[in-house]
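Report on one structure; see the data block that follows.
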Number of protein chains: 2
Amino acid sequence: MTDTSAPADQVFLRRHNLAMVLRDLRDHGPRSRARIAADTGLNKATVSSLVAELAELGLVRDGDVERGGGVGRPGQTVEIDGRVCGLGAEVNVDYVAVLVLDLRGEEVRYVRTPLDVPRLGVEKTLDELAVAIAAAADDAAATGHDIAGITVGIPGMVETAPGVLRHAPNIGWREVRIADELVARLPGPVTAIRVENDANLSALAESAMGASAGTADLVYVTGETGVGGGVISDGVLLRGTEGYGGEIGHMPIGDPAHRCGCGKLGCWEASVGLAALLREVADKDDPVTDPSVDLEVRLAEIRRRAALGDGRTLRGIEAVGTALGLGVAILVNLFNPRVIVLGGYFAALGEFFLPAMETELDKRVVAPARGGCRIELSALGFTAACRGGAHVALEAVFTDPASVAVATVPTPLPGGMA
Amino acid sequence: MTDTSAPADQVFLRRHNLAMVLRDLRDHGPRSRARIAADTGLNKATVSSLVAELAELGLVRDGDVERGGGVGRPGQTVEIDGRVCGLGAEVNVDYVAVLVLDLRGEEVRYVRTPLDVPRLGVEKTLDELAVAIAAAADDAAATGHDIAGITVGIPGMVETAPGVLRHAPNIGWREVRIADELVARLPGPVTAIRVENDANLSALAESAMGASAGTADLVYVTGETGVGGGVISDGVLLRGTEGYGGEIGHMPIGDPAHRCGCGKLGCWEASVGLAALLREVADKDDPVTDPSVDLEVRLAEIRRRAALGDGRTLRGIEAVGTALGLGVAILVNLFNPRVIVLGGYFAALGEFFLPAMETELDKRVVAPARGGCRIELSALGFTAACRGGAHVALEAVFTDPASVAVATVPTPLPGGMA
DNA sequence: AGTGTTCGTCGGATGGGACAACAAACTAGG
DNA sequence: CCTAGTTTGTTGTCCCATCCGACGAACACT
């Protein structure tokens, strides 16, 4: 991720190596300086110097001494200090959520606030979100944590550069300067706020800490009210020129008889979105179609019926699964990912979808053996987008550790000695 | 493109800055050392040192002195030396071709050898290709050029790492170790040979030197026997995990009545490939459907009929154009490119396609104003893949200028003085 | 207790870039 | 013609980051 068109001086070099040591600790766990040197190819003396600087920044600290590690002097392990954190926030149709992750990837705090976002409108929803973020930040500060960055996920088309939401049909928002609006609502000096599509953030989360952690080529497909997607290719998120990439919901491969929420006929979303599933498995007066009932509960009921072998339910799921496989096949042909991760309700009903879906998939993928692609169900659940957001904030630290500089004050001395 | 997981020492730093100076000269033309310093942000003294090293490598040389450039001492311009070259080769259905491009991007040599590749088979075709490559290399050497690298484009699924072709249905090849086979056939020590899908190379060529040169987000779609595609996102080529990415021809969005060459029904290729066009605009006994006639000639005839306003022809082209727009809309929704480049016969008949295609496109793209995407017809014609191959070979030099080291002997002295 | 091994640090060497000063080469103007 | 002013490119010096060799420290094993 090093900028190829910037001049490289010693500062650049130092930053690169600082980042490399920090990432080594993240990816392979606590270890001695000698071991880091062996891992990275850097000189032992250099590693000592780098670790000292990272320690001064509050990013790493000395851990245990390696006892019983065979012959020779035991190593003094270095580990990532969990003080610095990233904050991920999410606005969805019926809730806002905030999640704080420390540099070690551990969850510090997670708060989900149910809200009727479309009814509440932009202003009040952002007020609520700002309160939730400020509360999480205060809470983190009280336990000695620092927030190094904030990323907000929104279910719509986002231009990341200025942090502007262009259009989010599911919550009815249009042209909202999310980043600026939040900065204005948050007290005190605020670190940079990034804004990103929620499915993109979920894809990043799956790639970084899901069941397939570390996968550099991954496509995330989530089924909720709409159908969203995020693509990670060769380790980087695909955004497109203006950040409009990954709009997979409106591929014209669905049944032309069904009208999509976007107004067009034959969108994929109209064949595999939540509405399509409910249409297939239930009648109008069936309680599972009642939007006032919690989605989790309704899905549990459908899962129950499927498990009992109910014909209508199974046929409906199979139909949706086949349509799902058709679209996923396109994604596999285009991106040749290592793994496809299914999220949202696809994950919840995954076991019943998979047979029909994989049958269709195998029919449509050109590459032999699906191009080495496997299908997986998301295990991150509703926290995926938030986790991805926190991850993005942390990634900035892993790319340029020195960026956390000054802001980080040493933990308040409990005793009070000068 | 700098490896983020390798230790950075001074050598790394030097390489980075050497590359930056060389790219500055490529992108902005000959200029003085002082100007390079201003462009890159490097110090004047550093630039002098870097230029001296590049000159010693034979990559740049002193050019004219800037006369009449206003007040002050005129600058001694530095320009890219065209001695070092990249070689691109292409295997297609009815020809093999070789193109040599010098470091300034100028064409040194282009040879196209008509061959009936499917009938000739793997061995003999590779023999012919090796002869063509060796001849081009000898020819280049005779005029004082050095080949720094070779890239071969193949119309099929390629695994780039070992340089192996997995499957190329249009020429009937399967599991061919292209790189190794060529090395064995070429005399003398051979620089690394890369192998890549031909549409991917064309996409790179369009992005690097087509009408939209410099575009970092670009999708190339070519219509020939099959329909191929190459995607460049954020400046890098999408390959996928195993290099199977970009298979756009078999998206299931075509008329289910038509069978594709792959055996499936409803592939996009079956609706917009060359066979589909001919089916729409001509009867079985029409000369334009005669495969023994050169494709260029047949396309010219179709273009003539369209220009005269022939109803059958225009309706046929419109039908294909609409189908083309449908598929392209998917690509725009997924990749949000800055430009879509149409190649192959799409480019040849472009003016007649565009209206129907753009109408369908606008109907199907979700992002406002097509997400800022424009449609363009390729101007590189049949040389696109070769150009892309040569470009890839040159790109290695622009990434690590020092890599051309030792091999480059100073041009033979014509006089013969010791 | 002695030996061998590994860890972490110290001092010096190497090398690359930044900075300031300077000579060179040109224009403009008297 | 000559001088002042400007820009270029080189030189010498300094700074800084990494590398290398050596050394003390800490441990296991005999």
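Throughout, protein chains are lettered first and strands after them, A, B, ... in sequence-line order, and every chain is numbered starting at 1. Here the structure is a predicted model, which means the values were calculated and not measured.
Environment of CG in A:D180: crowded, with over 12 heavy atoms of neighbouring residues, nucleotides or ligands closer than 6.0 Å. For CG of B:D27, the number of neighbouring non-hydrogen atoms (other residues, nucleotides, ligands) closer than 6.0 Å is greater than 12. Counting heavy-atom neighbours within 6.0 Å of A:R35 CZ, excluding the residue itself, gives a total of 12 or less. Within 6.0 Å of CD on A:E56 lie no more than 12 heavy atoms contributed by other residues, nucleotides or ligands.
Side-chain N/O atoms of A:N17 include one lying less than 4.0 angstrom from OP1 or OP2 on D:dT18.
The two residues A:C85 and A:V108 make their nearest non-hydrogen contact at SG-CG2, 4.1 Å. Of all the heavy atoms in B:A393 and B:G86, the pair that sits closest is CB-CA, 3.8 Å. For the pair A:D39 and A:D24, the tightest heavy-atom approach, listed with the atom from each and the gap, is OD2-OD2, 3.0 Å.
Heavy-atom distances under 4.0 Å link DNA chain D to A:L42, A:N43, A:A45, A:T46 of residues 30-46 of chain A, given in residue order.
Sequence order on DNA chain C of the closest nucleotides to A:T77 and B:Q10 puts A:T77 first from the 5' end. Across the interface with DNA chain C, nearest-nucleotide mapping of A:Q76 and A:P7 shows A:Q76 to be the residue nearer the 5′ end.
Distance CG (A:L50) to C1' (D:dT18): 9 Å, rounded to an integer number of Å. Note: CZ (A:F12) to P (D:dC15) measures 24 Å, nearest angstrom.
Checking B:S49 against B:R14 by side-chain atom types alone, a donor-acceptor pair falls below 3.5 Å.
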Check: protein-nucleotides 26-30 of chain D nitrogen or oxygen pairs below 3.5 Å:
| from | atom 1 | to | atom 2 | distance (Å) |
| --- | --- | --- | --- | --- |
| D:dC27 | OP1 | A:R67 | NH1 | 3.2 |
| D:dC27 | OP1 | A:R67 | NH2 | 3.1 |

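Here B:L204 contributes atom CG and B:L237 contributes atom CG; the two are 5.0 Å apart, rounded to the nearest 0.5 Å.
Bounding nucleotides for the chain B contact on DNA chain C, 5' to 3', at a heavy-atom distance below 4.0 Å, are C:dG15 to C:dT27.
Using a 4.0 Å cut-off between charged nitrogen and carboxylate oxygen, B:E107 and B:R387 count as a salt-bridge pair.
A salt bridge (charged side-chain N to carboxylate O under 4.0 Å, His left out) with B:E79 is found for one member of B:R33, B:R31, B:R61 and no other, namely B:R61.
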